[in-house]
Amino acid sequence: MMQTANIISNLKDAGCSDMLIEKFLNLLQIGTQKEQLRLLNEHRSRLLDSIHKNQKKLDCLDYLIFEMKQQN
């Protein structure tokens, strides 16, 4: 089992809010792994959505760059 300090560090590195970390640690004390996994999966889903949104932005910029280069 990971030590609490390592868990907190990992959650912070993953961009988890203080509130999410607190909820996670409370669930850790109670021993409800199913709920812990639910919290982590929800956060993961939000991160993935953010990646997809940023990918669309990159695609738009790449298209504009491509079009501009084609005009030269």
Side-chain angles (χ1 to χ4, degrees):
M1 185 72 164
M2 291 178 67
Q3 292 185 347
T4 303
N6 291 338
I7 293 171
I8 293 170
S9 177
N10 189 277
L11 292 171
K12 285 184 178 184
D13 290 345
C16 295
S17 66
D18 290 339
M19 186 169 40
L20 190 144
I21 293 170
E22 186 177 332
K23 285 181 184 179
F24 186 88
L25 294 176
N26 287 337
L27 292 170
L28 180 64
Q29 289 178 347
I30 301 170
T32 52
Q33 187 180 40
K34 184 177 180 180
E35 285 298 308
Q36 288 174 292
L37 289 171
R38 183 188 62 76
L39 279 179
L40 295 178
N41 280 317
E42 286 176 359
H43 184 67
R44 184 184 186 284
S45 179
R46 285 190 297 273
L47 289 174
L48 191 56
D49 286 345
S50 175
I51 288 171
H52 289 151
K53 287 176 186 174
N54 284 321
Q55 181 62 52
K56 287 180 183 180
K57 292 174 186 176
L58 284 170
D59 291 343
C60 290
L61 286 174
D62 287 344
Y63 175 75
L64 183 58
I65 290 168
F66 172 78
E67 286 294 319
M68 290 176 72
K69 286 181 178 180
Q70 291 296 91
Q71 292 177 3
N72 291 331

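Source: prediction; values computed, not measured.
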Review point. Can any side-chain N or O of His43 pair as donor or acceptor with the backbone N or O of Leu20 at less than 3.5 Å?
Key: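 Side chain of His43 to backbone of Leu20, a donor-acceptor pair under 3.5 Å: no, none is there.
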Review point. Backbone N or O of Asn6 within a donor-acceptor pair of the Asn10 side chain at under 3.5 Å?
Key: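 No, the answer is negative, given that no donor and acceptor are paired below the 3.5 Å cut-off.
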Check your understanding: According to the side chain to side chain donor-acceptor pair (under 3.5 Å) rule, which pairs have a member within residues 11-35, sequence neighbours left out?
Key ->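 Matches after skipping sequence neighbours: Glu35-Arg38.
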**Study point:** Of all pairs that satisfy salt bridge (Lys or Arg N to Asp or Glu O under 4.0 Å), the ones with a partner from residues 2-11, not counting sequence neighbours
**Key:**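 Not a single pair qualifies under salt bridge (Lys or Arg N to Asp or Glu O under 4.0 Å).
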Review point. Is there side-chain contact between Ile8 and Phe24, with heavy atoms separated by less than 4.5 Å?
Key: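 Counting from C-beta outward, Ile8 and Phe24 never come under 4.5 Å.
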Atom [atom1] of [X] and atom [atom2] of [Y]: how far apart are they, to the nearest 0.5 Å?
X     : Y     : atom1 : atom2 : value
Phe66 : Gln71 : CZ    : CD    : 11.0 Å
Ile7  : Leu28 : CD1   : CG    : 5.0 Å
Asn41 : Arg46 : CG    : CZ    : 10.5 Å

Exercise for review: Determine, using the 4.5 Å side-chain heavy-atom cutoff (strictly less than), whether Met2 and Leu40 are members of one ILVMFWY cluster.
Suggested key: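 Hydrophobic grouping puts Met2 with Leu40.
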Identify all side-chain donor-acceptor contacts of residues 50-61 below 3.5 Å with residues at least two apart in sequence or on another chain.
unit_1 : atom_1 : unit_2 : atom_2 : d
His52  : ND1    : Leu48  : O      : 3.4
Asn54  : ND2    : Ser50  : O      : 3.3
Gln55  : NE2    : Asp59  : OD1    : 2.8

